[in-house]
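Accompanying notes for the structure given below.
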Amino acid sequence: EPEVTQTPSHQVTQMGQEVILRCVPISNHLYFYWYRQILGQKVEFLVSFYNNEISEKSEIFDDQFSVERPDGSNFTLKIRSTKLEDSAMYFCASAGGGAFTEAFFGQGTRLTVV
Amino acid sequence: EDQVTQSPEALRLQEGESSSLNCSYTVSGLRGLFWYRQDPGKGPEFLFTLYSAGEEKEKERLKATLTKKESFLHITAPKPEDSATYLCAVQASSNTGKLIFGQGTTLQVKP
């Protein structure tokens, strides 16, 4: 069964360092998303991406964040200068039947900023 | 502001004891309501999509229903393997497929 794959599963980084979280969406999907979940809190939307551009972003997704689809299979989230409050679980998701169909999530990358 | 509230926050059931989880929502034009299951340390796993009031979907011991203000996830004769956090999320017509999640209901089913 097709699935969304995220790497690494866990990343520890020092405050101020850049991190890149990687995702391989389901192969025929066209809509891509990043969400995050701080421990014990709700899953929060960060950004949606379609047709090689951002279609919507939340207030959380400030200038420190960027997304890229460098090739036909990968989708990345970059945080330029990490802060302690960026520590969270980051989920990539993709949807194939249109923006308003079900999104399938990866297993997440746990980011710990120390 | 679009909002999703789930209740209860936590629910403990004995195996075989049926119950319902509630998801109340306020959204500017509902495009879809989604139920996901999340196991500890894992990503949300898709369960159901509901698009219009009166719609129902079933999968094994789970049944999801939708009204104009809320959705219910009914669990019939649950088993310990149904223990998880159940997340409700909505999509509004004014956005681009973004999901707005509730805080979830953590279900524990004891044998």
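Side-chain atoms are counted along with the backbone in the values below, which use heavy atoms only and exclude waters and symmetry mates. Here is how names work: the chains are called A, B, and so on, in the same order as the sequence lines, proteins then strands, and each is numbered from 1.
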Top contributor to chain B interface from K42(A), Q6(A), Q41(A) [non-hydrogen pairs under 4.5 Å]: K42(A)
Hydrophobic cluster membership, F75(A) vs L21(A), 4.5 Å side-chain cutoff: yes
L84(A), CG: over 12 other non-hydrogen atoms inside 6.0 angstrom: yes
Whether over 12 other heavy atoms sit under 6.0 Å from D63(A) CG: no
Atom CD of E9(B): over 12 foreign heavy atoms under 6.0 Å: no
Gap separating the CD atom of E45(B) from the CD atom of Q107(A), nearest 0.5 angstrom: 8.5 Å
Part of A93(A) lying under 4.5 Å from any heavy atom of chain B: neither
Interatomic distance, I100(B) atom CD1 to S58(A) atom OG [nearest 0.5 angstrom]: 11.0 Å
Spacing of K98(B) atom NZ and S55(A) atom OG [to the nearest 0.5 Å]: 11.0 Å
Per-residue contact mode, Y50(A) against chain B (heavy atom under 4.5 angstrom): neither
Side chains of Q37(A) and Q38(B), donor plus acceptor under 3.5 Å: yes
Y36(B) vs V43(A) side-chain heavy atoms within contact, under 4.5 Å: no
Flag if over 12 foreign heavy atoms under 6.0 Å of CD, E85(A): yes
ILVMFWY network linking Y33(A) to Y90(A), side-chain heavy atoms under 4.5 angstrom: no
Nearest-0.5 Å distance that lies between atom OH in Y31(A) and atom OG1 in T96(B): 10.0 Å
Separation of R31(B) CZ from T101(A) OG1 (nearest 0.5 Å): 10.5 Å
Transitive ILVMFWY side-chain link F61(A) to M89(A), under 4.5 Å: no
F45(A)/F101(B) aromatic ring centres below 6.0 Å: no
Same apolar cluster: L99(B) and I60(A), side chain cutoff 4.5 Å: no
Minimal non-hydrogen separation, T49(B) against E102(A), with atom names: OG1-OE1, 3.4 Å
Residues of residues 50-73 of chain B with any heavy atom under 4.5 Å of a heavy atom in chain A: Y51(B)
Hydrophobic cluster membership, F104(A) vs F32(A), 4.5 Å side-chain cutoff: no
